[in-house]
Amino acid sequence: MTAEVRVRYAPSPTGHLHIGGARTALFNYLFARHHGGKFIVRIEDTDTVRNIEAGELSQLENLKWLGIEHDESVDIGGPYSPYRQMERLDTYKKYSEEMLEKGAAYKCFCTTEELEAEREQQKAAGIAAPMYKGTCRHLSAEEVGQKEAAGMPYTIRMRVPENVTYTIEDLVRGSVQFESKDIGDWVLVKANGIPTYNFAVVIDDYMMKMSHVFRGEEHLTNTPKQLMVFDTFRWEAPRYGHMTLIVNEDRKKLSKRDESIIQFISQYKDLGFLPEAMFNFFALLGWSPVGEEELFTKEELIEQFDESRLSKSPSMFDKQKLTWMNNQYIKKLSLDEVVALTLPHLVKAGRVSEEMTAKESAWIHDLIALYHSQLSYGAEIVELSAQFFSDAVEYDEQSKEILAGEQIPEVMTSFKQQLENLDTFDAPSIKGAIKAVQKETGHKGKNLFMPIRVVATGQAHGPELPESIALLGREKTLARVEKFVQ
């Protein structure tokens, strides 16, 4: 590409960073880095009623946590500041007045009640997509002056060109066309002087020299409105690419009310997911690399990213794939890194204290090491290791079924005797005790190991059995075995 690549992610601070926004930001970031361009974060804060105090901070902090670093924004500035729309109102006013002078826009004095009544009439007439019928479109200059003199509030509307076909050569979807006759005269500036999204975004994209815009498919129908503004000023529009929907495992559009999927990046961070794994997962959510490989470093994804491989089909948010991928990344961590990831969750659950003796710290390290290769995310350690922090054991249906075997009393009585005779209670000694039970009873395989595991740990499956029993300790293990044998 000859011109500098400049792309943007432009969130509204009406909420925290959502998985849909994170994917949009990531694809823009990968595109910019692949082409040696710039990635800008612009805050679209004109919805003053819905803005939340921590919304902007959440967006910026969680993008950085994911590894999506921006080149220009509200926190570091840049050559096209300010990067908040509410700080650019004078600019929007200048261009809206120019559109009025050109006759490309006009003042509309229709009240909210009148517009709603018009909308209801059209709906009652069977019109599926009601649009403004242009009541104020042909007001004379004298009529406009009289209404203004009377103090009547007004919006500024786009005078939609007649009989124009807007063609978008979409980077994802190919050629898409819209007819101007299907678009009513839409509002550029609201009565309070704040611009609408479709007007402000054009001014910002032009002034900030955006070369490409990658965004969700819900914005596709906004594009012809934006092209009207570009055409009015004879500006060159950026190249657009509209990414497909993210759907849940039922193939339904993902919504923020969908409780089957964790929705916000901060929640994944709090659960102990790794940003590198999240970055990798989101990169494959609507984009496919060449080949079958699924695990990539950031640098590899930047090198391989090709916008022509963005999917035209909805992208399923596969929770199992995410946890599998996060597990692959956890496996590559050192034990100290895994301890740092999981220990805060054990502390929060009240399982351990922040202040530990050297002996307690060594025990926790050994405990976490047991689950290193099994962990899907940091907080999972609390559930996985529950057996080590409880005196009582509750058997689920699978465990009860295992303990119903004919050989169980013989196996567990022998195991109890072997444990009582151990001088050293460590993994090698416990492994020897289990072998002695096998020799004494003649039982082996799952008929031997499964009942010992269930009685000692309360779980039918888990990490290495001798290591688990050693960590449980002599007193707790014998108490559980004795209670069962009685």
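Numbering of residues begins at 1 and proceeds along the displayed sequence.
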Is there side-chain contact between [X] and [Y], with heavy atoms separated by less than 4.5 Å?
X    : Y    : value
T135 : K133 : yes
N248 : M316 : no
I246 : L285 : yes
E303 : H34  : no
I203 : W235 : yes
L17  : P11  : no
V213 : V7   : no
V352 : L343 : yes

For the pair [X] (side chain) and [Y] (backbone), establish whether a donor and an acceptor sit closer than 3.5 Å, ignoring hydrogens and angles.
X    : Y    : value
R8   : I40  : no
Y371 : L384 : yes
E143 : S140 : yes
H242 : G216 : no
H70  : V41  : no
H372 : L333 : yes
K312 : V172 : yes
N326 : S376 : yes
S96  : K93  : yes
D250 : K252 : no

Could you verify whether a donor N or O on one side chain and an acceptor N or O on the other, from [X] and [Y], lie under 3.5 Å apart?
X    : Y    : answer
E179 : T165 : yes
D45  : Q85  : no
Y92  : D204 : yes
Q177 : Y166 : no
T223 : R215 : yes

Exercise. Angle class for the F282/F317 ring planes (parallel below 30°, perpendicular above 60°, tilted otherwise)?
Worked result: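 Ring orientation of F282 relative to F317: tilted.
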Just jot down the ring pair (Phe, Tyr, Trp, His ring centres under 6.0 Å) partners of [X], sequence neighbours excluded, or say none.
X    : value
H18  : F264
W324 : none
Y197 : H219
Y9   : none

Where do [X] and [Y] come nearest, in terms of heavy atoms and distance?
X    : Y    : answer
L227 : T167 : CD1-O, 4.5 Å
A10  : E44  : CB-OE2, 3.3 Å
H212 : V5   : CE1-CG2, 4.3 Å
L346 : S385 : CD2-OG, 3.8 Å
F233 : Y95  : CZ-O, 3.6 Å
L471 : L367 : CD1-CA, 3.5 Å

Problem set entry | Worked check of side chain to side chain contact (heavy atoms under 4.5 Å, CB included) between I183 and M228 | CA-CA 11 Å; I183 304 169; M228 293 175 193; 3.7 Å; yes
Acceptor/donor pairs from residues 150-161 side chains to any protein atom, 3.5 angstrom cut, sequence neighbours excluded:
residue: R157; atom: NH1; partner: D185; partner atom: O; Å: 2.6
residue: R159; atom: NE; partner: G103; partner atom: O; Å: 2.8
residue: R159; atom: NH1; partner: R137; partner atom: O; Å: 3.0

Taking [atom1] in [X] as the centre, count heavy atoms belonging to other residues, nucleotides or ligands within less than 6.0 Å. Is the count above 12?
X    : atom1 : answer
K190 : NZ    : yes
E293 : CD    : yes
N192 : CG    : yes

Problem set entry | Derivation and outcome, salt bridge (Lys or Arg N to Asp or Glu O under 4.0 Å), residues K147 and E142 | CA-CA 9 Å; K147 290 177 182 294; E142 183 180 357; over 6 Å; no
For this session: Using salt bridge (charged side-chain N to carboxylate O under 4.0 Å, His left out) as the criterion, list what pairs up with R119, not counting sequence neighbours.
Result: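 For R119, no residue satisfies salt bridge (charged side-chain N to carboxylate O under 4.0 Å, His left out) once neighbours in sequence are set aside.
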For this session: List in chain and number order the residues that pass salt bridge (charged side-chain N to carboxylate O under 4.0 Å, His left out) with K64, two or more places apart in sequence or in another chain; answer none if no residue qualifies.
Result: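 So K64 forms a salt bridge (charged side-chain N to carboxylate O under 4.0 Å, His left out) with D75.
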Problem set entry | Residues in side-chain contact (heavy atoms from CB on, under 4.5 Å) contact with D336, at least two apart in sequence or another chain |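 side-chain contact (heavy atoms from CB on, under 4.5 Å) list for D336, sorted by chain: S334, H365.
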Provide the full list of salt bridge (charged side-chain N to carboxylate O under 4.0 Å, His left out) pairs with a residue in [range], sequence neighbours left out, each pair given once.
range            : result
residues 26-35   : R33-D71
residues 314-334 : E294-K321
residues 103-118 : K107-E148

Exercise. side-chain hydrogen bond (donor to acceptor under 3.5 Å, both in side chains): which pairs involve residues 264-287, sequence neighbours left out?
Worked result: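 For residues 264-287, and leaving out neighbouring residues, the side-chain hydrogen bond (donor to acceptor under 3.5 Å, both in side chains) pairs sorted by first residue read N280-Y329.
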Problem set entry | L188/V229 under side chain to side chain contact (heavy atoms under 4.5 Å, CB included): CA gap, chis, key distance, verdict | CA-CA 10 Å; L188 294 165; V229 181; 4.2 Å; yes
For this session: Considering only NZ, NE, NH1 and NH2 on the basic side and carboxylate oxygens on the acidic side, decide whether E72 and R6 come within less than 4.0 Å.
Result: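 Salt bridge between E72 and R6, a charged N being under 4.0 Å from a carboxylate O: yes.
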Exercise. Are E4 and K209 within salt-bridge range, i.e. N to O under 4.0 Å?
Worked result: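 Judged by the 4.0 Å cut-off on N to carboxylate O distance, E4 and K209 do not form a salt bridge.
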Problem set entry | Verdict with supporting geometry, T244 and S313, side chain to side chain contact (heavy atoms under 4.5 Å, CB included) | CA-CA 6 Å; T244 55; S313 303; 5.7 Å; no
For this session: Any chance you could measure Q374, atom CD, to I330, atom CD1, to the nearest 0.5 Å?
Result: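 Here the interatomic distance stands at 11.0 Å.
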Problem set entry | Spacing of CG belonging to L220 relative to CE belonging to M243, to within rounding of 0.5 Å |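 So the CG of L220 and the CE of M243 are separated by 12.0 Å.
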Problem set entry | Residues D170, E217; criterion side chain to side chain contact (heavy atoms under 4.5 Å, CB included); working and verdict | CA-CA 11 Å; D170 196 275; E217 72 169 17; over 6 Å; no
